[in-house]
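In this text the structure is predicted, and so the values were computed from the model without any measurement. Note on naming: letters A, B, ... go to the chains in the order of the sequence lines (proteins, then strands), and numbering restarts at 1 for each one. Values reported hereafter were calculated over all heavy atoms of this structure, with side chains retained and with hydrogens, waters and symmetry mates removed.
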2 protein chains.
Amino acid sequence: MNSASISTRQRLMDGAVEAIRRYGIAGVSARTVAGCAGVNQALVFYHFGTLDELLVAACQAATAERVADYRDRFAAVRSLSELLDLGRELHEQERQAGNLAVLAQMLAGAQTDGRLAPAAAAALRLWTDEIELVLRRVLAGSPLAALADPPGLARAVAAGFVGLELYEGVDRAGADDALAALEQLAVLVDVVDDLGPVARRALQGRLARRSRGRVPPGGRS
Amino acid sequence: MNSASISTRQRLMDGAVEAIRRYGIAGVSARTVAGCAGVNQALVFYHFGTLDELLVAACQAATAERVADYRDRFAAVRSLSELLDLGRELHEQERQAGNLAVLAQMLAGAQTDGRLAPAAAAALRLWTDEIELVLRRVLAGSPLAALADPPGLARAVAAGFVGLELYEGVDRAGADDALAALEQLAVLVDVVDDLGPVARRALQGRLARRSRGRVPPGGRS
DNA sequence: GTCTATAGCTGGATAGAC
DNA sequence: GTCTATCCAGCTATAGAC
């Protein structure tokens, strides 16, 4: 953890990510990981104790790195449509780099492996915290603010990315259709977002009435 | 497939579903499946040749059964808000029954196992075909019709369910927040859906202008 | 820190008795 | 059709040489 070694520990973590990408969570083993890392299988246990702990460390490190890469981009976003543009770019880049795939596989494994669950939750959290910040900023002053819950939406976006990633893996064309349909719907958000003052007030009136109808006073959380 | 046997073949398929639910795709083996089914391990290979083929058959059968259970419910839906209500109920029931979990695990496995991929895609297709039909029906005559692509949206909904399911497995509260945020946003769709004729025409004008700006003429399929 | 070797276990798959 | 027994590959984890 100190000096000149860009070495074994890191190579193992990179190897873990690569192995998950290639073989899926069902195919990772100390041997496949070590193979991807180009090191001896026994070193997994020397450095991390168990395979699970290596996966946990690798997921955490890889995700933190990716999120940090995008921090400046997130900070520069000033409107909903800029956020949609960044989301599209981020989705495409992360998909190609295989990082979404790794996250999805970790999540799948975490469903039945309690030792992976906190790591997967933490990785998702790194993403959702960033998204939430941006949403909070760009929604301020929008007529959608009354209607949009930034923490919840950030989590929905993250879940959506994961679901789309898994879909893409079995039906690329279908997933593309899904994404295109969502972007088309986003036009609606966009239009509402820069309504004139009169239309805006009219919409807010309608929303208030409708919301009261759906969420009883003193309702949810 | 013919007579009085509610037997081994079916028990194995039920056992496969149960094993995926309990141990995840990384934990299914001929032995765990046979254990869940209460039959001998060798019977997996006698009846299905390989474990993968059993998983494929089980996924197909279980999904078809679930979709059939909902067909009448889907057919009875007459509006977007009825569809949202049914979606909420369906999500909750399938989550509790563990069928979404199985689908998610199959999808995760299918990412790196080409023999599972067609089965996972087909299972998703069973759901999206139903959803698409309903969407097509309830969107007819809505001002959203111009903006909403039923096949794409159906696929987006299915992907969203899968993503949320995986999220729930590692952070139940976060996933609940995500769902609540989406339902809150759905109010917007609802409001737009029953606009008066004047507001409707105004919105359509705005949408047309905005769409032209975003999707160049002769653009995407 | 890294390697070889190996113990001990679980996995897919088959042979052959019943 | 179903069971027992078994082969062999691959797995985690450790011991011990270097």
Side-chain angles (χ1 to χ4, degrees), chain A residues 1-59 105-106 108-110 112-116 119, chain B residues 1-59 105-106 108-110 112-116 119:
Chain A
M1 197 166 273
N2 40 8
S3 65
S5 55
I6 315 159
S7 52
T8 310
R9 233 189 116 82
Q10 186 61 48
R11 267 216 283 271
L12 278 169
M13 294 199 287
D14 295 345
V17 168
E18 178 64 17
I20 294 178
R21 233 196 295 279
R22 276 199 215 161
Y23 311 117
I25 193 69
V28 280
S29 70
R31 280 169 151 88
T32 56
V33 167
C36 287
V39 305
N40 190 282
Q41 170 261 147
L43 293 176
V44 169
F45 304 98
Y46 176 78
H47 285 284
F48 294 92
T50 67
L51 179 61
D52 276 339
E53 282 171 83
L54 167 53
L55 296 182
V56 164
C59 179
Q105 292 293 323
M106 283 290 292
T112 53
D113 182 345
R115 289 162 305 193
L116 296 185
Chain B
M1 199 164 272
N2 40 7
S3 63
S5 55
I6 316 155
S7 51
T8 308
R9 232 189 119 81
Q10 186 61 47
R11 267 216 282 272
L12 278 169
M13 293 199 287
D14 295 345
V17 168
E18 179 63 17
I20 294 178
R21 232 196 297 278
R22 278 199 212 159
Y23 311 117
I25 193 71
V28 280
S29 71
R31 285 170 152 89
T32 57
V33 167
C36 288
V39 305
N40 190 281
Q41 168 263 144
L43 294 176
V44 169
F45 304 98
Y46 175 77
H47 285 285
F48 294 92
T50 68
L51 179 61
D52 277 339
E53 280 171 85
L54 167 51
L55 296 182
V56 164
C59 178
Q105 292 292 324
M106 283 290 292
T112 52
D113 182 346
R115 287 162 305 193
L116 295 185

Taking every heavy atom of B/Cys36 against every heavy atom of B/Gly15, the minimum-distance pair comes out as CB-O, 3.6 Å
Here the distance between atom P of D/dA13 and atom CG of A/Leu43, to the nearest Å, is 15 Å
Quick note, side-chain hydrogen bond (donor to acceptor under 3.5 Å, both in side chains) partners involving residues 18-28 of chain A, not counting sequence neighbours, are A/Glu18-A/Arg21, A/Glu18-A/Arg22
query: Is there a side-chain contact between B/Asp14 and B/Arg11, using heavy atoms and a 4.5 Å cut-off?
result: no
Ordered by number, residues from residues 34-42 of chain B within less than 4.0 Å of DNA chain C (heavy atoms) are B/Gln41, B/Ala42
Sequence neighbours excluded, the answer for salt bridge (Lys or Arg N to Asp or Glu O under 4.0 Å) partners of A/Asp113 is A/Arg115
Just wondering, do B/His47 and B/Leu54 contact through their side chains at under 4.5 Å, heavy atoms? no
Taken to the nearest whole Å, CG/B/Asp113 to C1'/C/dG12 is 14 Å
Residues in residues 50-59 of chain B with a heavy atom under 4.0 Å of DNA chain D, by number, are none
Closest heavy-atom pair, A/Ile25 versus A/Gly109, reported as atoms and distance to 0.1 Å, is CG1-CA, 3.9 Å
Between CZ of B/Phe48 and C1' of C/dA13 the distance, given in whole Å, is 16 Å
message: Looking at A/Gly27, is its backbone amide N or carbonyl O close enough to the side chain of B/Thr112 to form a donor-acceptor pair, meaning the two atoms are under 3.5 Å apart?
response: no
Next on the checklist: With a 4.0 Å limit, can you tell me whether A/Thr8 has a side-chain N or O closer than that to the phosphate oxygens OP1/OP2 of C/dT2?
Outcome noted: yes
message: Between A/Thr8 (side chain only) and A/Val39 (backbone N and O only), is there a donor and an acceptor less than 3.5 Å apart?
response: no
Taken to the nearest whole Å, CZ/A/Phe45 to P/D/dT14 is 8 Å
Sequence neighbours excluded, the answer for side chain to side chain donor-acceptor pair (under 3.5 Å) partners of B/Gln41 is none
Distance col, row A/Phe48:CZ vs A/Leu55:CG, nearest 0.5 angstrom, shows 9.5 Å
The correct set of residues in residues 19-30 of chain B placing a heavy atom under 4.0 Å from DNA chain C is B/Ser29, B/Ala30
The reported gap from OH in A/Tyr46 to CG in A/Asn40 (rounded to nearest 0.5 angstrom) is 13.5 Å
A/Tyr46 OH to C/dT4 P, in whole Å, measures 17 Å
